Amino acid sequence: MTVRLGQIIAAHGRHYLAQSDGQQWLCVTRGKKSDVATGDRVSFLPTSADQGVLEQILPRSTFLFRSDQYRSKLLAANLTQLMIVVATEPSFSDDLVSRALIAAEAAGIKAYLLLNKTDISAPLESARARLDAYAKLGYPIYELSALNQSDQALATLKPLLLNQSTILIGQSGMGKSSLISLLVPGADIAVREISQRLDTGKHTTTFTRLYRIDDNTSVIDSPGFQEFGLHHLTEGMLERAFREFAPHLGNCRFTNCHHAAEPGCAVTEAVARGEIDSVRHDLYLQLRHESQQQPGYR
Ligand SMILES: Nc1nc2c(ncn2[C@@H]2O[C@H](COP(=O)(O)OP(=O)(O)OP(=O)(O)O)[C@@H](O)[C@H]2O)c(=O)[nH]1
Ligand SMILES: [Mg+2]
Ligand SMILES: [Zn+2]
């Protein structure tokens, strides 16, 4: 059989589901190589009517990583944008939202925030107030209710997704899969089928899954996360990922300034004047600390 081209639409352990011409193929990698991610464009050699062996990963336009002290994990490849889903209830973590934004900046992809479950009115105002900090940084925020105002949610999302490769990420229970099933009717069923094929046997979101909406539009559902390590980002990547630092970079007294305790640091001076949120600067220091904790880093 001849080699085919496809896109990875789901990854679980060392099993991958590739879509090629509307058909799905359960693929494995040769040997131990397993740096394949959802969204990857691949070539594979069919070994039966619906199975194959991955040959090559085609060059990626973008890649989104998270990492801990020991290794980094490719969450998805070839994205153009990331939507962070938060909700009125359960409450969301600002630390995680900020980390996801930093990951998007580092990957060079656009980032949005979606506030879901606006039908739950009691916590709505405080959620809005908290999100205002991200709006001030220039990140667009959209309000939705996947359950109670699904038509409106669709009308909001569709134009944002058009001709983009989008991933929805966020903590568990925020409503990522609910939004996806509005966009892709039958998505629930597809996940259940894939769970069986990839042998997870679970119905909740346990792996990333790409849904193709049209030739140029796709959306990825991902499992909720409880932490978002960014150990792989270097200091230089970090300072550029905090977009509000940009006007100040290059104005520090020392060219190799770490923006921590150095005299004449333009960034910490901006923090002192209230132009940069001190919570964000603290996160920068924390991430810088984490990036230095890499004993056996690959
Ligand atoms: N009230 C209300 N509930 C919602 C809304 N959207 C989703 N939910 C509920 O929130 C719960 C979690 O929704 P999911 O879509 O599974 O959340 P998720 O982000 O995919 O969660 P994980 O897969 O665990 O990461 C479900 O019980 C949904 O019915 C909404 O707009 N309003
Ligand atoms: Mg889900
Ligand atoms: Zn500085």
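Ligands are counted one by one from 1 in listed order, and the atoms in each one are counted from 1 as well. When reading the values below, keep in mind they use all heavy atoms of this one structure, side chains included, and skip hydrogens, waters and symmetry mates. Along the sequence shown, residues carry numbers from 1. Keep in mind the model is a prediction, meaning the values are calculated, not measured.
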Just which atoms of ligand 1 are under 4.0 Å from any heavy atom in Ser145?
31 (O)
Gly170: heavy atom below 4.0 Å from ligand 1, yes or no?
no
Identified side-chain hydrogen bond (donor to acceptor under 3.5 Å, both in side chains) counterpart of His259 within the set Arg288, His281, Glu239, His248
Glu239
List nothing but the number: protein N/O/S atoms under 2.8 Å from the Zn ion (ligand 3).
4
Nearest heavy-atom neighbours spanning Leu5 and Ser20:
O-OG, 2.9 Å
Which ligand 1 atoms does Ile120 reach within 4.0 Å, using its non-hydrogen atoms?
1 (N)
2.8 Å cut-off met by an N, O or S atom of Ser178 to the Mg ion (ligand 2)
no
Hydrophobic cluster membership, Ile8 vs Val28, 4.5 Å side-chain cutoff:
no
Is Asp221 in polar range of ligand 1, meaning some N or O pair under 3.5 Å apart?
no
Aromatic Phe242 / basic Arg240 pairing, under 6.0 angstrom, 45° off normal:
no
Could you tell me, atom by atom, which parts of ligand 1 come under 4.0 Å of a heavy atom of Asp119?
1 (N), 2 (C), 30 (C), 31 (O), 32 (N)
Qualifying side-chain hydrogen bond (donor to acceptor under 3.5 Å, both in side chains) pairs with a residue from residues 166-176, counting only residues at least two apart or across chains
Gln81-Thr166
Contact between ligand 1 and Asn116 is defined here as a heavy atom of the residue under 4.0 Å from a ligand atom; is it met?
yes
Can you name the residues that form a side chain to side chain donor-acceptor pair (under 3.5 Å) with Tyr134, not counting sequence neighbours?
Asp94
Determine yes or no for a side-chain-to-main-chain donor-acceptor pair under 3.5 angstrom, with Asp50 supplying the side chain and Gln24 the backbone.
no
Among Ile180, Leu147, Leu168, Val86, closest by any non-hydrogen atom to atom 29 (O) of ligand 1:
Leu147
List for me each residue that meets side chain to side chain contact (heavy atoms under 4.5 Å, CB included) alongside Thr255, sequence neighbours excluded, and say none if there are none.
none
So if I apply the side chain to side chain contact (heavy atoms under 4.5 Å, CB included) rule between Ser218 and each of Arg212, Gln19, Gln164, which one comes out positive?
Arg212
Test Ile167 against every option in Thr38, Val219, Leu64 by the side chain to side chain contact (heavy atoms under 4.5 Å, CB included) rule and name the one that passes.
Leu64
Angle class for the Tyr142/Tyr112 ring planes (parallel below 30°, perpendicular above 60°, tilted otherwise)?
tilted
Proximity winner for atom 31 (O) of ligand 1, if only heavy atoms of Ala146, Gly224, Gly173 are counted
Ala146
Which of the numbered atoms in ligand 1 are below 4.0 angstrom from a heavy atom of Lys176?
15 (O), 17 (O), 18 (P), 19 (O), 20 (O), 21 (O), 22 (P), 25 (O)
Candidates Pro223, Ser222, Ser178, Ser172; heavy atom nearest atom 24 (O) of ligand 1 found on Ser172
Under 4.0 Å from one or more heavy atoms of Met174, ligand 1 contributes atoms 17 (O), 19 (O)
Using the ring of Phe228 (Phe, Tyr or Trp, six-membered ring only), decide whether Arg99 places NZ or CZ under 6.0 Å from its centre and within 45 degrees of its axis.
no
